[in-house]
**Q** 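My structure is below; once you've seen it, I'll send some questions.
The basis for the numbers below is simple: all heavy atoms, side chains too, and nothing from hydrogens, waters or symmetry mates.
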Amino acid sequence: MKNLKMVVVTICIAALTACDGGSNRYVIKGVVPDKILSGETVYMSDYTKDIIVDSAEVTNGKFVFEGVIDEAEVIKLVVSDLYADFVLEKGTISVDLSDPYSAKGTPLNDKLSEFWSESDAIVHEAREQYANIGTSVSEVERSELQKKIVNRLFSDMETLHMAYLKEHPNDAMGAIVFYIWMQNQMDLSAEKFQEVTGHLGEYVLNFGPVKKMAAFYETLGGTAVGKPFIDFTIENGNRDGSPVSLSDYVGKGKYVLVDFWASWCKPCRMETPVIAEVYNKYKGDKFDVVSVAVWDERKNTVAAIEEDGNTWPQILDAQTIPTELYGIRGIPQIILFGPDGTILARDLRGDNLKAKVAEVMM
């Protein structure tokens, strides 16, 4: 990564290398598929800092990085649409950019290679089981068997990840394994995240993507069911361009259903008839609905409101302000607030949405 620490300006790189006997040197020997032409550039990125720290030129289908490293780090190599994630550590590392998990040759990367192989074996077995269900079973039986296979797959992958994290709770390999584990979670709760991270060391916890996720779950925990609402103001949020705040509606003595949405989001638009149904049924002194447009262009939001015939209050141009405050990673996100502004439910959709509103309005 060429981040040598200069003790005295006059000491040259050659002398420094001679002092440590080359013990901290690394060499990355990489190959690329035929579609990557000579002269193209392979970039090395620091995963934690999210910056490019080095580059190498492809020559005859190969590239080389060399340098000195004090502590193993997680890095990414990228060229065109290809990439590889692995541990940058002392020694000689071989990488084939046709496979993002191909790095080998050093202790942690060889261990990672074992991890990838075991992961692939679990997925392969699940696929075979899925394919071998056969046609003689009923649709109900097929559905149940498929669910069991998927559940077993997630259970086996969970066991695998946790086993490797137990062995590597505080190094670069553990950071990669934990990052992959996070990405594979269908519905990772703040409680589960805290439970797992409680067994991890500072290296993993300070790994860039993990720190971002930790911040997200801290936010999510602060806006969980039972927590008070967090206010925000959008300076031009009303249709006439005047400012509007969430507190103009929430915490005013009504149950308020708040729909975070965007015009381009098909699942959001599919919830519109459901929201319209509960709004028309319960609107009044005890219930209201507010839609908050996020991640969208104002003109597109207005066009969608008119096209769908929405008649309830709207907040426009909210962009990322509410999604950052409420830990929203995907939309629609529909939250029900109580009369005092307490969060009563999140992630409401379809029949569950209607049932929850009916429950509080009884």
**Q** Does anything in residues 260-271 form a side chain to side chain donor-acceptor pair (under 3.5 Å)? List the pairs, not counting sequence neighbours.
**A**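 Only S263-D296, R269-D308, E271-R349 qualify under side chain to side chain donor-acceptor pair (under 3.5 Å).
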
**Q** Under 4.5 Å between any side-chain heavy atoms of I321 and Y326, yes or no?
**A**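 I321 vs Y326: side chains apart.
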
**Q** Answer yes when E40 and K62 have at least one side-chain N-carboxylate O distance shorter than 4.0 Å, and no when they do not.
**A**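 No, no charged N to carboxylate O under 4.0 Å.
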
**Q** Kindly compute the distance separating CD1 (I305) from CG (N310), expressed to the nearest 0.5 Å.
**A**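 So the CD1 of I305 and the CG of N310 are separated by 6.5 Å.
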
**Q** Closest heavy-atom contact between A72 and E89?
**A**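 So the two residues come closest at CB-CB, 4.0 Å.
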
**Q** As an exercise, state the distance from CD of E324 to CD1 of I230, rounded to the nearest 0.5 Å.
**A**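 Here the rounded value is 12.0 Å.
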
**Q** Taking salt bridge (charged side-chain N to carboxylate O under 4.0 Å, His left out) as the definition, give me every residue that meets it alongside E202, ordered by chain and number, with sequence neighbours left out.
**A**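 Once residues adjacent in sequence are excluded, E202 has no partner under the salt bridge (charged side-chain N to carboxylate O under 4.0 Å, His left out) criterion.
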
**Q** Check whether any side-chain heavy atom of Y101 lies under 4.5 Å from a side-chain heavy atom of L112, and answer yes or no.
**A**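 No, too far: nothing below the 4.5 Å cut-off.
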
**Q** Looking only at heavy atoms, what is the nearest atom pair of P273 and M270, with distance?
**A**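 For P273 versus M270, the nearest heavy atoms are CD-O, 3.3 Å.
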
**Q** Working to the nearest 0.5 angstrom, can you tell me the gap between E66 CD and D54 CG?
**A**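 One finds 10.5 Å between CD of E66 and CG of D54.
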
**Q** Quick one: OG on S242 to CD on E235, what's the gap to the nearest 0.5 Å?
**A**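 S242 OG to E235 CD: 10.0 Å, rounded to 0.5 Å.
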
**Q** Hydrophobic clusters here meaning ILVMFWY residues chained together by side-chain heavy-atom distances under 4.5 Å, can you tell me if I133 and V140 are in one?
**A**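 No, I133 and V140 fall in different hydrophobic clusters.
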
**Q** Less than 4.5 Å apart, side chain to side chain, heavy atoms only: is that true for F86 and V74?
**A**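 SC-SC contact between F86 and V74 ruled out.
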
**Q** Run the side-chain hydrogen bond (donor to acceptor under 3.5 Å, both in side chains) test on W295 and T320 for me, step by step, so that the C-alpha distance in whole Å, both residues' side-chain angles and the decisive distance to 0.1 Å come before the verdict.
**A** CA-CA 6 Å; W295 311 335; T320 62; 5.7 Å; no

**Q** Is the backbone N or O of F65 less than 3.5 Å from a side-chain atom of K29, with the two atoms forming a donor-acceptor pair by type?
**A**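 Checked: no pair found.
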
**Q** Under 3.5 Å, side chain of D96 to main-chain N/O of S98, donor-acceptor pair present?
**A**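 Between the backbone of S98 and the side chain of D96 there is a qualifying donor-acceptor contact (under 3.5 Å).
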
**Q** Okay, side chain of T301, backbone of E297: is any donor-acceptor separation there less than 3.5 Å?
**A**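 Indeed, once roles are kept as given, a pair shorter than 3.5 Å links the two residues.
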
**Q** Is there a path of hydrophobic side-chain contacts, each under 4.5 Å between heavy atoms, that joins Y203 and M213?
**A**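 Yes.
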
**Q** Within the 4.5 Å heavy-atom criterion, are D288 and P313 side-chain neighbours or not?
**A**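 In short, these two side chains touch, coming nearer than 4.5 Å.
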
**Q** If only atom types and distance count, is the side chain of R152 paired as donor or acceptor with the main-chain N or O of A126 below 3.5 Å?
**A**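 It does not hold such a pair.
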
**Q** For the pair S245 (side chain) and D248 (backbone), establish whether a donor and an acceptor sit closer than 3.5 Å, ignoring hydrogens and angles.
**A**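 Between the backbone of D248 and the side chain of S245 there is no qualifying donor-acceptor contact (under 3.5 Å).
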
**Q** If every non-hydrogen atom of I343 is compared with every non-hydrogen atom of P228, which pair is closest and at what distance?
**A**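 Where I343 meets P228 most closely, the heavy atoms are CD1-O, 4.4 Å.
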
**Q** Working to the nearest 0.5 Å, report the span between CG of L108 and NZ of K90.
**A**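 Going from CG on L108 over to NZ on K90, the span is 11.0 Å.
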
**Q** Can you confirm whether the side chains of Y164 and E118 place a donor and an acceptor under 3.5 Å from each other?
**A**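 The criterion, which ignores hydrogens and geometry beyond distance, is satisfied for E118 and Y164.
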
**Q** Which heavy-atom pair separates P267 from P332 by the least distance, and what is that distance?
**A**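 Taking P267 first and P332 second, the nearest heavy atoms are CB-CD, 3.7 Å.
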
**Q** Strictly distance-based, threshold 3.5 Å: is any side-chain N or O of D171 a donor or acceptor partner for the main-chain N or O of G174?
**A**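 Checking the backbone N and O of G174 against the side chain of D171, a donor-acceptor pair under 3.5 Å is found.
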
**Q** Inspect the contact between R298 and D317 and indicate whether a charged nitrogen and a carboxylate oxygen are less than 4.0 angstrom apart.
**A**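 Yes.
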
**Q** Using a 6.0 Å cut-off, check whether atom CG of N151 has over 12 heavy atoms from anything other than its own residue.
**A**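 Check passes, neighbour count above 12.
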
**Q** Enumerate, atom names and distances included, each donor-acceptor pair closer than 3.5 Å involving a side-chain atom of residues 192-200, sequence neighbours excluded.
**A**
from: K192; atom 1: NZ; to: E158; atom 2: OE2; distance (Å): 3.2
from: T197; atom 1: OG1; to: F193; atom 2: O; distance (Å): 2.8
from: T197; atom 1: OG1; to: Q194; atom 2: O; distance (Å): 3.2

**Q** With side chain to side chain contact (heavy atoms under 4.5 Å, CB included) as the criterion, how do I176 and F178 come out once you've worked through the C-alpha distance, each side chain's angles and the decisive distance to 0.1 Å?
**A** CA-CA 5 Å; I176 292 178; F178 185 63; over 6 Å; no

**Q** Is any side-chain heavy atom of K104 less than 4.5 Å from a side-chain heavy atom of I93?
**A**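 No. Closest side-chain heavy atoms not under 4.5 Å.
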
**Q** Taking side chain as C-beta onward, heavy atoms only, is V290 less than 4.5 Å from D259?
**A**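 Answer no - side chains too far apart.
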
**Q** Kindly give the cluster partners of L353, where membership spreads through any ILVMFWY side chain lying under 4.5 Å from a current member.
**A**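 Once heavy-atom contacts under 4.5 Å are chained together, L353 belongs with Y255, L257, V274, I275, V278, Y279, Y282, F287, V289, W312, I334, L336, L344, L348, V357, V360, M361.
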
**Q** Hey, could you give me the CZ/CG distance between F216 and L220, rounded to the nearest 0.5 Å?
**A**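 These two atoms lie 4.5 Å from each other.
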
**Q** What I want to check is whether the side chains of T106 and N109 have a donor and an acceptor closer together than 3.5 Å.
**A**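 T106 vs N109: donor-acceptor pair found between side chains.
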
**Q** I want to know whether H161 and F115 have ring centres closer than 6.0 Å.
**A**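 Yes, the ring of H161 comes within the 6.0 Å limit of the ring of F115, centre to centre.
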
**Q** May I have the step-by-step check of salt bridge (charged side-chain N to carboxylate O under 4.0 Å, His left out) for E306 and R239, ending in yes or no?
**A** CA-CA 12 Å; E306 294 176 351; R239 290 284 290 268; 3.3 Å; yes

**Q** Are any of the side-chain heavy atoms of H168 and L165 separated by less than 4.5 Å?
**A**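 No, every pair of side-chain atoms sits at 4.5 Å or beyond.
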
**Q** Going by side chain to side chain contact (heavy atoms under 4.5 Å, CB included), I36 matches just one of V58, L97, T41. Which one?
**A**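 Of V58, L97, T41, side chain to side chain contact (heavy atoms under 4.5 Å, CB included) with I36 is met by V58 alone.
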
**Q** Is a donor on one side and an acceptor on the other found under 3.5 Å between the side chain of D231 and the backbone of S247?
**A**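 Checked: pair present.
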
**Q** Could you check whether R142 and T135, counting side-chain N and O atoms only, form a donor-acceptor pair closer than 3.5 Å?
**A**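 No, R142 and T135 have no side-chain donor paired with an acceptor closer than 3.5 Å.
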
**Q** Can you list the steps and then say if F154 with V150 is a side chain to side chain contact (heavy atoms under 4.5 Å, CB included)?
**A** CA-CA 6 Å; F154 277 97; V150 171; 3.6 Å; yes

**Q** Does K283 have more than 12 heavy atoms from other residues, nucleotides or ligands lying within 6.0 Å of its NZ?
**A**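 Yes, because the 6.0 Å sphere around NZ of K283 holds more than 12 heavy atoms from other groups.
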
**Q** Going only through I, L, V, M, F, W and Y residues with side-chain contacts under 4.5 Å, is there a path from I234 to L316?
**A**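 They do not share one cluster, since no chain of ILVMFWY contacts under 4.5 Å joins I234 to L316.
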
**Q** Taking the side chain as every heavy atom from C-beta outward, state whether L77 and I28 have any pair of such atoms under 4.5 Å apart.
**A**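 Of all side-chain heavy-atom pairs linking I28 with L77, at least one is under 4.5 Å.
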
**Q** In this structure, would I180 and L153 fall into the same cluster of hydrophobic residues linked by side-chain contacts under 4.5 Å?
**A**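 Same cluster.
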
**Q** Before you tell me yes or no, could you show the steps for K76 and D50 under salt bridge (charged side-chain N to carboxylate O under 4.0 Å, His left out), namely the whole-Å CA-CA distance, both residues' side-chain angles and the distance that decides it to 0.1 Å?
**A** CA-CA 10 Å; K76 178 189 285 288; D50 197 24; over 6 Å; no

**Q** Starting from M157, can I reach M162 by hopping between I/L/V/M/F/W/Y residues whose side chains sit under 4.5 Å apart?
**A**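 Hydrophobic grouping puts M162 with M157.
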
**Q** Apply side chain to side chain contact (heavy atoms under 4.5 Å, CB included) to V123 and E125, showing your working.
**A** CA-CA 5 Å; V123 173; E125 181 181 359; over 6 Å; no

**Q** Would M44 and I52 satisfy side chain to side chain contact (heavy atoms under 4.5 Å, CB included), going step by step from the backbone distance to the final call?
**A** CA-CA 6 Å; M44 178 190 292; I52 295 173; over 6 Å; no

**Q** Which residues pass the ring pair (Phe, Tyr, Trp, His ring centres under 6.0 Å) test with Y47, sequence neighbours left out?
**A**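 Only Y179, F207 meet the ring pair (Phe, Tyr, Trp, His ring centres under 6.0 Å) criterion with Y47.
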
**Q** Over all heavy atoms of both residues, which pair between A262 and V294 is shortest? Give the atoms and the distance, please.
**A**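 Looking at all heavy atoms of both residues, the shortest contact is CB-O, 3.3 Å.
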
**Q** Once salt bridge (charged side-chain N to carboxylate O under 4.0 Å, His left out) is applied, do any residues pair with K299, and if so which ones, sequence neighbours excluded?
**A**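 Testing K299 for salt bridge (charged side-chain N to carboxylate O under 4.0 Å, His left out), a comparison that skips the adjacent residues, returns none.
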
